[in-house]
Enquirer: 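Before anything else, here's the structure in question.
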Amino acid sequence: MHVAMLVFNQPFKGTYWRAYYIGRELCRRGHTVTLLATAPHERWRFRVTYEEQNRLAIVEAPDVLNGSMRSGWDAWASMARAAWLQLARFDLIHAFECRPSVILPALAARARSDMPLVIDWCDWFGRGGSVEERHSSVQKALLRPAETFFEEHFRTYADATTVINSVLAQKAIALGVDPASITLLPNGSDTAGWLLEDRHAARAALGLPADAPLIGYVGAIFERDARLMAQAFDRVVACMPTARLLVLGYCNVAIEQLVARPENVIRTGPLDTATLRRYLHACTIGWVPLCDTGANRGRWPLKLNTYMEAGLPFVTTRVGDLGAFVEQCHAGTAAAPTPDDVAAHALRLLRDPARAAALGREGRRLSENELSWARVADVAEGVYRQLLG
C-alpha cells in the first residue's frame, strides 16, 4: 500500500508522533507512507526527508502564519498540500484530525481519485474541549466556533474512523458516524534503544540527590492541571520534605511559581532523547494529574506511554479511559482528580518500593508487547486492508 498521512502539527510535536510511529511500522512491513506535517519555519517551499530505506517520506509543508496559529489554519497551506497530493498516486489517505490544512487537502485528493479516507480523532479541541482551557475569553469566543465546526462537520465524510478512546468514539456516534466504521486506535510505545539504567547511576550522572523521592513530569500542561499537580506536590512535600518534582523537557507553565516550596522543583528545560531517558530512570515515580475536563476526557497523554517505556510506575487520575486502563493494565495507579487523592496515591507508591518496582516492570512489559507501536500498526493496517478489499 501507498498511504498518505496528514497532520497539522510540526515535526516532533503532538499528533505528529502518532502518525510517525504508525507510518514507520507500516514501512517496515513493506508499505510506503508519505507523512505531511507543518514546516517549522518554511513559508513557500516543501522540504522532504526519507527514512526506512526511503519508504517513509516526511514532507514539511509550508505555512505563512506565525506562532501558535501555525497549526492547521492557513489557507495557503491547505492549497499547497492539495497540490502536493496530486504529485503521486496513493491507495488511501489517513487524516489526523480535521483542521483545514488536513481535511481540505484530504477531501480534494479523494475527490480526484476516489481513494478511501480514514479520519483519526485523538483530541477534543472544540466546544467543551481544549478551547475552554485558553486564558483569554476573547480567544475562546473567536476560536470556539471554528474549532467546533472543523472538528465535527467532516466526521461523516470518512470511510472509516479511528479514535484514541471511547469518549471520542461516543462523540463520533452522536455526530452520525456509523459505529461499525469506528476503530479504537490507542497510542503505542517505542522501547527501541531503551536500555534500563540503574537509578543510582542515573542520579549520580545527573547530579541528583541519591536517596530523595523524585517525581517526574514530562512536557506541556494545561493551567488547571498544573495547579492540581502543584497542590498535590505541596501535600507530598508536607509528608516527605525531601521529595523533588522534576519537570522534564519543555513545559509551558512555571510549576515552581505555583508550589509552596519552589526550591523542591527541578526544571530541566528542553532535553535530547538520551538525557530525557536518563532523567526518567533517575525518577522514583512519574505522574500525570489531570482535572476532569472535556479536554482531558477526550485525549490520551502520550507521556504515560513514555513512563511505561522507561519502566517507571505512574500515578494518574480517573478521567476518560484512564481509570479503566489502570484497572486492566497494572502499570500504575489512578486517583480521583483531587490534590488530596493524587498525593495519597503518590505517597503510597513512594513508601512501597516493592510495589512500585512491580508496576514499573509490568509497564515495561506492556510497552514491549501489547502496547507497542507494532501492535497499534496491526490495527491500522487491518482498517486499511478492509477498506481496500
Side-chain angles (χ1 to χ4, degrees), residues 7-9 14-15 17-19 22 94-99 102-103 118-134 140 143-144 147-158 160-189 219-225 228 287-305 308 314-329 331-338 341-342 370-371 375-376 379-380 383:
V7 300
F8 67 81
N9 311 80
T15 305
W17 288 116
R18 179 169 168 83
I22 295 171
H94 199 158
F96 288 77
E97 301 298 352
C98 288
R99 283 192 179 167
V102 171
I103 192 62
V118 183
I119 298 180
D120 184 69
W121 201 349
C122 63
D123 277 294
W124 182 352
F125 288 124
R127 184 180 296 107
S130 61
V131 71
E132 313 299 344
E133 302 300 316
R134 293 182 176 272
K140 290 180 186 179
L143 290 175
R144 189 183 289 117
E147 286 278 28
T148 304
F149 174 80
F150 279 98
E151 181 169 59
E152 297 182 355
H153 179 76
F154 299 97
R155 295 294 168 181
T156 56
Y157 288 48
T161 296
T162 55
V163 295
I164 203 168
N165 60 26
S166 64
V167 174
L168 295 181
Q170 291 303 314
K171 283 182 65 65
I173 292 170
L175 292 171
V177 177
D178 181 2
S181 71
I182 299 173
T183 301
L184 179 64
L185 190 68
N187 274 337
S189 302
I221 192 169
F222 291 129
E223 180 73 31
R224 278 194 278 184
D225 296 334
L228 171 62
W287 68 3
V288 189
L290 301 177
C291 298
D292 190 8
T293 63
N296 287 331
R297 291 194 295 273
R299 68 186 181 113
W300 181 273
L302 189 58
K303 52 181 63 70
L304 281 184
N305 297 75
M308 290 187 286
F314 64 81
V315 175
T316 187
T317 46
R318 293 191 292 274
V319 175
D321 285 358
L322 295 180
F325 171 76
V326 167
E327 289 179 3
Q328 297 167 6
C329 303
T333 69
T338 66
D341 207 36
V342 171
E370 296 95 316
L371 297 181
R375 295 291 182 89
V376 175
V379 178
V383 172

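Just so it is clear, the model here is predicted, and its values are computed rather than measured. Throughout, numbering of the chain's residues begins at 1 and tracks the sequence. In what follows, every heavy atom counts, from backbone to side chain, and hydrogens, waters and symmetry copies are set aside.
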Enquirer: On a heavy-atom basis, which atom in C291 and which in P337 lie closest, and how many Å separate them?
Expert: CA-CB, 4.3 Å
Enquirer: I'd like to know whether W287 forms a side-chain contact (heavy atoms from CB on, under 4.5 Å) with T316, so could you lay out the CA-CA distance, the side-chain angles of the two residues, the decisive distance to 0.1 Å, and finally the verdict.
Expert: CA-CA 6 Å; W287 68 3; T316 187; over 6 Å; no
Enquirer: Would you check if there is a donor-acceptor pair between the side chains of H94 and T162 at a distance under 3.5 Å?
Expert: yes
Enquirer: Which residues satisfy the salt bridge (Lys or Arg N to Asp or Glu O under 4.0 Å) test with R318, sequence neighbours excluded?
Expert: none
Enquirer: Would you call V131 and F125 a side-chain contact if the rule is heavy atoms closer than 4.5 Å?
Expert: no
Enquirer: Nearest 0.5 angstrom please: N165 CG to D123 CG, how far?
Expert: 9.5 Å
Enquirer: Identify each donor-acceptor pair in which a side-chain atom of residues 169-178 lies under 3.5 Å from a protein atom, sequence neighbours left out, and give them as a table.
Expert:
residue, atom, partner, partner atom, Å
D178, OD1, A180, N, 3.0

Enquirer: Measuring from atom CD1 of I164 to atom CG of L168, what distance do you get when rounded to the nearest 0.5 angstrom?
Expert: 8.0 Å
Enquirer: Check the pair C98 / E151 against side-chain contact (heavy atoms from CB on, under 4.5 Å), numbers first and verdict last.
Expert: CA-CA 5 Å; C98 288; E151 181 169 59; 5.8 Å; no
Enquirer: Nearest 0.5 Å, what's the OG1-CZ distance between T333 and F314?
Expert: 7.5 Å
Enquirer: Taking all non-hydrogen atoms of both residues into account, name the closest pair between A95 and V102 and its distance.
Expert: CB-CG1, 3.5 Å
Enquirer: Kindly indicate, with the supporting measurements, whether the criterion side-chain contact (heavy atoms from CB on, under 4.5 Å) is fulfilled by N296 and T293.
Expert: CA-CA 5 Å; N296 287 331; T293 63; 3.3 Å; yes
Enquirer: Do you know the tightest heavy-atom contact between A160 and V383?
Expert: CB-CG1, 3.9 Å
Enquirer: Quick one: side-chain contact (heavy atoms from CB on, under 4.5 Å) partners of L302, sequence neighbours excluded?
Expert: W17, N187, N305, W373
Enquirer: Taking only Lys NZ, Arg NE, NH1 and NH2, and the carboxylate oxygens of Asp or Glu, determine whether K140 and E132 approach each other closer than 4.0 Å.
Expert: no
Enquirer: Ignoring hydrogens and angles, tell me if any N or O in the side chain of T317 forms a donor-acceptor pair with the backbone of P289 under 3.5 Å.
Expert: no
Enquirer: Going by heavy atoms in the side chains, are L184 and V379 under 4.5 Å from each other?
Expert: no
Enquirer: May I ask you to test the V163-T183 pair for a side-chain heavy-atom distance under 4.5 Å?
Expert: no
Enquirer: Check whether T161 reaches the backbone of S181 with its side chain - one donor and one acceptor, N or O, closer than 3.5 Å.
Expert: no
Enquirer: How many angstroms lie between CZ in R18 and CG in L185, if you round to the nearest 0.5 Å?
Expert: 4.5 Å
Enquirer: Could you tell me if R299 sits above the aromatic ring of W124, with its cationic atom closer than 6.0 Å to the ring centre and no more than 45 degrees from the axis?
Expert: no
Enquirer: Any sub-3.5 Å donor-acceptor pair from E133's side-chain atoms to F222's backbone N or O?
Expert: no
Enquirer: Is the shortest side-chain N to carboxylate O distance from E152 to R127 below 4.0 Å?
Expert: no
Enquirer: Measuring from M308:CE to S189:OG, what's the distance to the nearest 0.5 Å?
Expert: 5.0 Å
Enquirer: Does F96 offer a backbone N or O that forms a donor-acceptor pair with the side chain of D120 under 3.5 Å?
Expert: no
Enquirer: Mind checking what makes side-chain contact (heavy atoms from CB on, under 4.5 Å) contact with A220, not counting sequence neighbours?
Expert: Y250, N252
Enquirer: For E147, which residues count as a salt bridge (Lys or Arg N to Asp or Glu O under 4.0 Å) partner, sequence neighbours excluded?
Expert: R99
Enquirer: What's the separation between atom CG in L371 and atom SG in C329, rounded to the nearest 0.5 Å?
Expert: 5.5 Å
Enquirer: Determine all donor-acceptor pairs shorter than 3.5 Å in which one atom belongs to a side chain in residues 319-327; sequence neighbours excluded.
Expert:
residue, atom, partner, partner atom, Å
D321, OD1, S166, OG, 2.6
D321, OD2, S166, N, 2.8
D321, OD2, S166, OG, 3.3

